[in-house]
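This report concerns only the one structure given below.
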Amino acid sequence: MNGIGIIGAGIAGLQLALFLQQHDLPVTLYADRTADAIMAGRLPNTVGRFGHTRLREQALGVDHWGAPDQLAQGFHVRVGGEMPIAFDGRFQVPASTVDMRLYAGTLLQDFETRGGDVVIGAVDAVDVARLANHHDLMVVASGRGPLADMFPRIPEHTPFTSPQRMITAGYFHGLAGPGPLGAGINLVPGQGEIFHSRFQTFGGPVTNLLIEGVPGSEFAALRFMRYEDDPQRFEDYVLYLLRTYVPHAYAGVNRAEFGLTRPLDLVQGAILPTVRRPMIELDAGKFAIAIGDVFTQLDPVAGQGANTASVSAAILGEAILDEVAFDATFCRRVEQRLMAYAEPVSAWAAAILLPPPPHVIEFMVAASVNPAIADAFGEGFNRPVRMWNTLMTPQRTAAFLRRYGWTGMPTLALAA
Ligand SMILES: Cc1cc2nc3c(=O)[nH]c(=O)nc-3n(C[C@H](O)[C@H](O)[C@H](O)COP(=O)(O)OP(=O)(O)OC[C@H]3O[C@@H](n4cnc5c(N)ncnc54)[C@H](O)[C@@H]3O)c2cc1C
């Protein structure tokens, strides 16, 4: 066997590389940067990894941040607007929030220390075809960069023509964490969402804000403010948003100390949710398979991009273990398995970018009065297929809530 060539040392490429290495299969990881360069770079994202991803990391022997005080045991949801809703819940398996520079750099070092073959340098589309001559299968796991365009978009799973959120995320001094459970989810109708959490990073835990703005909103305006141009103006605007829209988070601000931790600890941008066909044929009967963001690029609002990347790496890894020929039949089978997971997850991740329909509001109202439903809401992030199965129609939501003894909102019952 000539082995598998993987392009990209993000969560998808690293987890697949470590998995194949663990099973003694030949694998080469093509990474555009060394572990040191990844760790010294700009904050790429602020990923929360849920239970299923963490279980795979334990199996891979890379669960470096699993101490209970480094994990989010649960979440605090606050919905603002005319009908405020509040509830807290617990994750069945605690979630982990680790700086992705630290995470990816460490896992790349793990792979290398265990004898992994790493080639440093950016790969382009022509290289992919050339490298295919040296491997049985090419895997493209290079994230949202240009290589993704090698794989055609699937229009029916790509519901928007423009990004639905303007994104700013960064680490801040002088801001308390969201509360004892570890993750704060603040939904502000008309504005977007502010996620408030603690991240494990190089110097220990720091407080993170992920501000997702509906285009045209005050939240969205932050995405267009360059920190470098005027740090004070940027930080004052963050404080304005907290004071105005999430006063419970603002209560944890220490004005004398508040500020971005470092200019590099900030990411701004926008993501167009996109699902691509995860297989293409290269020359000479060789194939390339896409995993991670190359395959499913999701807005961070549902916290599913990296977790889905981990699932896609696992699906492909298991399929490779069972295979002898990496031909069209193999690729189509993998494609079916990848799509079976990605379709419902991307549908849910897209649906929650739109104003919530009444049955979703009812789900949250039910969670605010029934702790078991609140916990089920949190478990939905770890089981996004079940989340979408539950929320895709009013009838399904009602059926799910009935399991918990919920018989409908009192006001609706009265109106009926
Ligand atoms: C602000 C923000 C918050 C987020 N929050 C969450 C969350 O809470 N939960 C969640 O699940 N997801 C979240 N996401 C999404 C998540 O970051 C991505 O889905 C995930 O990182 C995708 O992993 P990946 O391995 O496919 O790609 P990446 O993490 O982008 O890794 C790709 C790697 O390939 C390298 N590369 C790129 N081009 C080349 C090339 N030509 N040659 C060689 N190497 C190359 C890159 O440098 C990188 O190292 C968030 C995203 C953002 C922006």
Side-chain angles (χ1 to χ4, degrees), residues 5-17 28-35 37-39 41-50 52-54 72 75 95-101 103-105 107-108 118-128 131 138-150 163 165-171 183 185 193 195 197 199 208-213 223 265-271 273-274 276 278 290-313 316 342 345-346 349 381-382 384:
I6 302 173
I7 300 162
I11 187 169
L14 284 164
Q15 289 200 1
L16 178 61
T28 302
L29 183 58
Y30 297 91
D32 58 355
R33 290 169 296 161
T34 62
I38 290 172
M39 291 194 191
R42 175 171 285 281
L43 181 70
N45 50 45
T46 52
V47 164
R49 294 161 8 266
F50 297 111
H52 64 87
T53 301
R54 292 197 48 240
F75 54 89
S96 168
T97 44
V98 174
D99 186 314
M100 197 42 85
R101 294 167 294 192
Y103 177 97
L107 267 62
L108 182 53
V118 179
V119 177
I120 301 294
V123 169
D124 65 20
V126 176
D127 295 328
V128 177
L131 292 171
M138 294 303 296
V139 179
V140 183
S142 51
R144 302 197 308 275
L147 282 186
D149 293 334
M150 294 174 70
R165 293 291 186 274
M166 299 294 124
I167 299 166
T168 303
Y171 299 153
I185 303 173
E193 301 78 20
F195 297 89
S197 49
F199 267 70
N208 170 66
L209 291 174
L210 163 57
I211 300 174
E212 294 238 346
R223 180 254 176 275
D265 294 341
L266 175 70
V267 52
Q268 292 172 296
I271 293 174
T274 305
R276 293 188 174 80
I291 58 172
D293 273 10
V294 178
F295 167 45
T296 42
Q297 179 178 302
L298 308 174
D299 187 281
V301 74
Q304 295 302 317
N307 290 286
T308 303
S310 170
V311 172
S312 65
L316 178 55
V345 177
S346 60
F381 289 88
N382 187 42

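Nothing here was measured: the structure is a model prediction, and the numbers come from that model. Counting starts at 1 for both ligands and their atoms, following the listed order.
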Check whether any side-chain N or O of N307 sits under 3.5 Å from a backbone N or O of F50 as a donor-acceptor pair, and report yes or no. yes
Heavy atoms only: which of N45, T97, D32 lies closest to atom 21 (O) of ligand 1? N45
Atoms in ligand 1 flagged as close to A141, the criterion being non-hydrogen separation under 4.0 Å: 32 (C), 34 (O)
What part of Q304, side chain, backbone, both or neither, has a heavy atom within less than 4.0 angstrom of ligand 1? backbone
Could you measure the distance from the OG atom of S142 to the CG atom of D293? Nearest 0.5 Å is fine. 9.5 Å
Contacting atoms of ligand 1, where contact means under 4.0 angstrom from a heavy atom of G292: 26 (O)
Of L298, V123, T308, I211, the one whose closest heavy atom lies nearest atom 41 (N) of ligand 1 is V123
What protein heavy atom is closest to atom 39 (C) of ligand 1, reported as residue, atom name and distance in Å? S142 CB, 3.7 Å
Please check if the side chain of R54 supplies one atom and the backbone of A95 the other of a donor-acceptor pair under 3.5 Å. no
Quick check on contacts: which atoms of ligand 1 are under 4.0 angstrom from a heavy atom of A122? 42 (N)
Using heavy-atom distances, let me know which of T46, I271, I7 sits nearest atom 3 (C) of ligand 1. T46
Pairs of nitrogen or oxygen atoms closer than 3.5 Å, one from G303 and one from ligand 1: do any exist? yes
Heavy-atom nearest neighbour in the protein, as seen from atom 30 (O) of ligand 1, with distance rounded to 0.1 Å: G143 CA, 3.6 Å
Judged by heavy atoms only, the candidate from P300, A104, A302, A9 nearest atom 50 (C) of ligand 1 is P300
Between atom CE of M39 and atom CZ of R101, what is the distance when rounded to the nearest 0.5 Å? 11.0 Å
State whether D149 and R276 are salt-bridged, where the test is any N-O pair (Lys NZ or Arg NE/NH1/NH2 against Asp/Glu carboxylate O) under 4.0 Å. yes
Please determine if A306 has a nitrogen or oxygen closer than 3.5 Å to a nitrogen or oxygen of ligand 1. yes
Using a strict cut-off of 4.0 Å, indicate which atoms of ligand 1 neighbour a heavy atom of L147. 41 (N)
If I apply the N/O under 3.5 Å rule, does N307 come out as touching ligand 1? yes
Is there a side-chain contact between I211 and I167 (heavy atoms, below 4.5 Å)? no
Which of the numbered atoms in ligand 1 are under 4.0 angstrom from any heavy atom belonging to A12? 25 (O), 26 (O)
Taking E193 for its side chain and I185 for its backbone only, find out whether a donor-acceptor pair lies under 3.5 Å. no
Close N or O approach (V294, ligand 1; < 3.5 Å): no
Judged by atom type as modelled, is there a donor-acceptor pair below 3.5 Å linking the side chain of T308 to the main-chain atoms of Q304? yes
Atom 19 (O) of ligand 1: closest protein heavy atom, distance to 0.1 Å, is D293 OD1, 2.6 Å
Using a 4.5 Å cut-off on heavy atoms from C-beta on, say whether the side chain of I6 contacts that of Y30. no
In this structure, which one of V98, L210, L209 forms a side-chain contact (heavy atoms from CB on, under 4.5 Å) with T46? L210
Looking at D32 and V123, would you say the former's side chain and the latter's main chain have a donor-acceptor pair under 3.5 Å? no
Under 3.5 Å, N or O to N or O, is G48 touching ligand 1 that way? yes
